[in-house]
Amino acid sequence: MLDTKLLRTQLEAVAERLKTRGFELDVEQIQQLEAERKKRQVEMQELQALRNSRSKAIGQAKAKGEDIQPILDEVADLKEKLEAAKAAEEAVQSELEAIYASIPNLPHESVPVGSSEEDNVEIRRWGTPPEFDFEVKDHVDLAEARGWYDNEAAVKIASSRFAVMKGPMARLQRALIQLMLDTHTQTHGYEEVYVPYLVNQDSLRGTGQLPKFEADLYKIAKHEEHDTNDRDLYLIPTAEVPVTNLVRGEILDESALPLKMTAHTPCFRSEAGSYGRDTKGLIRQHQFEKVEMVQVVHPDTSYEVLEQLTGHAEAILQKLELPYRVMNLCTGDIGFSAAKTYDLEVWLPGQNAYREISSCSNFEDFQARRLQARFRSGEGKPQLVHTLNGSGLAVGRTLVAILENYQNADGTVTVPEALRSYMGGVEVL
RNA sequence: GGAGACGUGGCCGAGAGGCUGAAGGCGCUCCCCUGCUAAGGGAGUAUGGGGUUUGUAGCUCCAUCGAGGGUUCGAAUCCCUCCGUCUCCGCCA
């Protein structure tokens, strides 16, 4: 959520910047509602003040043994008036809140202006795509040929876009998770955390998945359908949700910053609206593994930290010697809550293309405001923190990248050096 | 899953319809006293929002005693629902 003060005082400028990401803000409507809000709120509060003072007077009169009937007569219709004023105020307020909750974050000035992924700017490349003197297979053909990947079985026990993996491939995925977690904890200074895979609505609101993106989430109905669903839980679409929500409602001591956390979790996405894209293989699944990095930092440092965090994700690709490039997402392509995002795209020989494998974002105080995640420095007022996160990395896609980049003519796969200790020393699968 | 107890500020803990945004204690901050240490005295110490102000400060109003509803002129206090914690029993990895 954006700062309401900013929305009140610099609405035009905000609308102007939001335009760069293709978002049209109805300035006039907001101004109207704000004026209405102000009026209603003052009305309501004045009535409340009157009620409070009269009620107090009744108490005092009673204590002195005086007749309270005159005061009671005076406030006879106050209750009804107050209720009406309250209802009016709440109506405007919730209308405004709904609008504010749907406004995306303002892009940082270093974000290139553009309308689609075509306009993303390549920052750097690392590594060279390997050359093969045989016809390369994609990860599906390769893994199916070895009996490692069984799409039919997944469809049978669940549905399409789920995976069944066996033997060395399943183990390779586990090895990747271990490598990533060990690297982030041992050399990048993150604390490993274990978190719930089901979360409540407050958590999803805190990180911005709700109210706008409910359709992308799997919901677990806890009660009968006719029951209220406030307490329904959702499968996490990313570890970002439970991990970032650890600081929801907290006032941290400045010395506790930065908070650096990493977690491996499965992620669940219903991917409504993406049918027809990446239907084959592991690229786009309803369930996939991811190692996530989350940082909660002092506002002054967040852009510096974004560079570091991106570097931490890159370090994994470098360890695995997978060629990749770093993209600065343009205003039209960054996510709802992000002020700036770098995507890491890994080279996939099977597709002859770079594909997203990590997304590293600075949310500034956009998430923190809704989370009410703050810190206090000295005597000062609590101040909102900045939050960041990045995949480090999407494990399923890393698995794809390894199979495809390390494939051999005979259908075997060489194990990257960095993974061998996690694979019992095996060099070739 | 069953039965009971409970949920108050940074922490402990009183309060049982009005003078309570909340006694007292601990902690913390500042000031005074003190040769050092120890001790003592005083003051302060929640969060969000609105109005006023170009903005800050200030002033002022509103809200918040697990959450949400209700009763009442008035609720931390009474009633209901939910969430959570503890104890005992049951079950389970």
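Note: hydrogens, waters and symmetry copies are ignored here, and every other heavy atom, side chains too, is used. Lettering follows sequence order; numbering is per chain, from 1.
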*Establish, with yes or no, whether the OP1 or OP2 oxygen of rA46(B) is under 4.0 angstrom from a side-chain nitrogen or oxygen of Lys381(A).*
no
*Quick one: label Gln48(A) by what it contacts on the DNA or RNA (base, sugar-phosphate, nothing), any heavy atom closer than 4.0 Å.*
sugar-phosphate
*Write down the distance separating the C1' atoms in rG13(B) and rC61(B), rounded off to the nearest Å.*
31 Å
*Does any nucleotide pair with rU20(B) by Watson-Crick or G-U wobble geometry, both distances under 3.5 Å, and what is it?*
none
_Is Arg369(A) close enough to rG48(B) that one of its side-chain N or O atoms is under 4.0 Å from OP1 or OP2 there?_
no
*Would you mind classifying the nucleic acid contact of Lys38(A) as base, sugar-phosphate or nothing, using non-hydrogen atoms under 4.0 angstrom?*
sugar-phosphate
*RNA chain B: 5'-proximal contact among Gly59(A) and Ser53(A) (nearest heavy atom)*: Gly59(A)
*Ignoring backbone atoms, establish whether Arg37(A) has a side-chain N or O less than 4.0 Å from OP1 or OP2 of rG49(B).*
no
*Measure from the side-chain heavy atoms of Gln41(A) and tell me the nearest of rU47(B), rC73(B), rG49(B).*
rG49(B)
*Does rG4(B) pair with anything, Watson-Crick or G-U wobble, both distances under 3.5 Å, and if so, with which nucleotide?*
rC86(B)
_With a 4.0 Å cut-off on N to O distance, would you call Lys319(A) and Glu417(A) a salt bridge?_
no
*Under 3.5 Å on both distances, the Watson-Crick or G-U partner of rC65(B)*: none
*asked:* In whole Å, measure the gap between the C1' atoms of rC65(B) and rU77(B) for me.
replied: 10 Å
_Pairing nucleotide - rA75(B), Watson-Crick or G-U, each distance under 3.5 Å_ = none
*Provide the distance between the two P atoms, one in rG66(B) and one in rC32(B), to the nearest whole Å.*
40 Å
_The side chain of Gln45(A) is closest to which nucleotide in this list: rU47(B), rC61(B), rA63(B)?_
rC61(B)
*Of all the choices, rU47(B), rC61(B), rG49(B), which nucleotide is nearest to the side chain of Ala49(A) once you look at every atom?*
rC61(B)
_More than 12 heavy atoms from other groups under 6.0 Å of CD on Gln69(A)_ = yes
_With rounding to the closest Å, how many angstrom separate the P atoms on rA3(B) and rU64(B)?_
33 Å
*Identify the nucleotide, in any strand shown, that forms a Watson-Crick or G-U wobble pair with rC91(B), with both distances under 3.5 Å; if there is none, say none.*
none
*Write down the distance separating the C1' atoms in rG42(B) and rG55(B), rounded off to the nearest Å.*
35 Å
*Atom pair distance, as rounded to whole Å: CG in Leu82(A) and C1' in rU72(B)*: 13 Å
*When you compare rU8(B) with rG25(B), how far apart are their C1' atoms, in angstrom units rounded to a whole number?*
15 Å
_rG48(B) phosphate, OP1 or OP2, under 4.0 Å from Arg374(A) side-chain N/O_ = yes
*To the nearest Å, how far apart are Gln60(A) CD and rG18(B) C1'?*
9 Å
*Integer-rounded Å distance: rC73(B) P and Asp77(A) CG*: 12 Å
_side chain to side chain donor-acceptor pair (under 3.5 Å), that's the test. Do Tyr234(A) and Gln209(A) meet it? Break it down for me._
CA-CA 11 Å; Tyr234(A) 296 76; Gln209(A) 279 77 17; over 6 Å; no
_Strictly by Watson-Crick or wobble contacts shorter than 3.5 Å, is anything paired with rU45(B), and which nucleotide is it?_
rG27(B)
*Please measure how far the P atom in rA23(B) lies from the corresponding atom in rU45(B), and state the result in whole Å.*
11 Å
*Whole angstrom is fine here: how far is it from NZ in Lys86(A) over to P in rG69(B)?*
8 Å
*If each of Lys79(A) and Gln372(A) is mapped to the nucleotide of RNA chain B with the nearest heavy atom, which maps nearer the 5' terminus, i.e. the 5' end?*
Gln372(A)
*Nearest 0.5 Å, what's the CG-OG1 distance between Leu322(A) and Thr398(A)?*
7.5 Å
*Side chain of Val42(A): nearest nucleotide among rG51(B), rG18(B), rA63(B)?*
rG51(B)
*Pair partner, rU34(B) [Watson-Crick or wobble, under 3.5 Å]*: none
_Value in whole Å for how far the P atom of rC82(B) lies from CG of Leu233(A)_ = 17 Å
_Salt bridge present between Lys280(A) and Asp138(A) (N-O < 4.0 angstrom)_ = yes
_Heavy-atom donor-acceptor pair, Lys56(A) side-chain to rG18(B) base, under 3.5 Å_ = no
*In whole angstrom, what separates Glu90(A)'s CD from rG68(B)'s P?*
11 Å
*Cationic N near anionic O, under 4.0 Å, Arg40(A) to Glu36(A)*: yes
*asked:* Any strand counts, and the cut-off is 3.5 Å on both contacts for Watson-Crick or G-U wobble. Which nucleotide pairs with rU52(B)?
replied: rG58(B)
*Could Glu250(A) and Arg374(A) be called an ion pair, given the rule that one side-chain N must be under 4.0 Å from one carboxylate O?*
no
*Note: Glu83(A)-Lys86(A) ion pair, threshold 4.0 Å (strictly below)*: no
*Nearest whole angstrom, please: distance from the C1' of rU54(B) to the NZ of Lys5(A).*
15 Å
*Please state the C1' separation for the pair rA14(B) and rC6(B) - nearest whole angstrom.*
16 Å
*Looking only at side-chain N and O atoms, does Asn52(A) come under 4.0 Å of OP1 or OP2 in rC62(B)?*
yes
*For atom CG of Leu50(A) and atom P of rG51(B), their distance in whole Å*: 20 Å
